[in-house]
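Have a look at the structure below before the remarks.
Indexing begins at 1, ligand by ligand and atom by atom, following the structure's order. Everything numeric here is computed off the predicted structure, so don't read it as measured data.
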Amino acid sequence: MNIRIDTQAGFCFGVVSAIKALEQELKKDGTLYCLGDIVHNNMEVERLKAMGLKTIDNETFSKMNDCKVMIRAHGEPPSTYQIAKQNNIEIVDATCPMVLKLQKDVRMGYEKMQAIGGQVIIFGKKGHAEVVGLVGQTQNKAIVISNEEDLDKIDFSKPLHIYSQTTKNREDYENIIEKIKARHLTKEVFVTDSICKKVSLRAKSIGDFAKSVDCVLFVSGKNSSNGMYLFELCKQQNKNTFFISDVEDIDIEQVLKYDNIGISGATSTPMWLMEKVEDYVYKKFENQ
Ligand code: SF4
């Protein structure tokens, strides 16, 4: 039996640097608050919790004073920074540089649209932390669309500037842009390519990886949108793809039928978890 971990799987650089910054703070102070889950993976959150991480929500954050709080890679809207200033909260800002750049672009796009009576459109998941951070750059005026049905929220007689959440699927983004352009009356549609390269490259490579093995154990948290998306891509190329969050989810009898087993995961899946899956399957194979 041969087991292979997908070399392209694992954390993206935004998450790697956020976790590195968090670990440094925890080593120094023993504890640190983080606004929302540092990563959409419960196993990794639990590991960091044991080191002193305390995850808080926005309501708790707004009532805190004189403390230190980390902002994760997804970023936050300007209102979060205002609350921090008012409440003397020191921010450890781990917003991914690509998200920061996108926030700035959306802010500028909003100013431009304001000047010509246009609208800012964000293609993303409503309520997702990154989307909330982006909408916040537009005084909460941007229109969030997730699918074709949401297009009715748009006034097609006005100019538009469209952005995407960094982790969206490129094909879906291109399809929705085409549909918007087809319905737009004046054709004044500006589009920014804001999908993270790491995500689009992963989408390309995961299919090749899935085809190169007999079965895939796809490791991800159920709350990761990127995980769900990559799992579907994997499954399209290899029907023997199994979604697992930890070793307990593995149907070992089923998996041991295959000679070449692949392990892959989302941009929020830690490498140590994929290695744990690898060890588990090897041990089960040796002891059968
Ligand atoms: S997916 Fe891309 S944009 Fe999002 S945190 Fe990771 S590196 Fe940054």
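- Residues K68 and D29 are in side-chain contact: their nearest non-hydrogen atoms beyond the backbone lie under 4.5 Å apart.
- A 4.5 Å side-chain heavy-atom check between D93 and Y81 finds at least one atom pair inside the cut-off.
- Only side-chain heavy atoms of V199 come within less than 4.0 Å of ligand 1; its backbone N, CA, C and O stay farther off.
- Ligand 1 places these atoms under 4.0 Å from at least one heavy atom of C196: 1 (S), 2 (Fe), 3 (S), 7 (S).
- Regarding atom 8 (Fe) of ligand 1, its nearest protein heavy-atom neighbour is C96 SG, 2.3 Å.
- Between Y163 and I121, every side-chain heavy-atom pair lies at or beyond the 4.5 Å cut-off.
- Short contacts between ligand 1 and T166, defined as distances under 4.0 Å to a heavy atom of the residue, involve ligand atoms 3 (S), 4 (Fe).
- Note on C12: counted as a metal contact of atom 6 (Fe) of ligand 1, an N/O/S atom lying under 2.8 Å.
- Annotation: cation-pi geometry satisfied between K168 and F123 (NZ/CZ under 6.0 angstrom from ring centroid, within 45° of ring axis).
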Next on the checklist: Test side-chain contact (heavy atoms from CB on, under 4.5 Å) on I206 and S264; report intermediate values, then the result.
Outcome noted: CA-CA 8 Å; I206 200 160; S264 191; 3.6 Å; yes
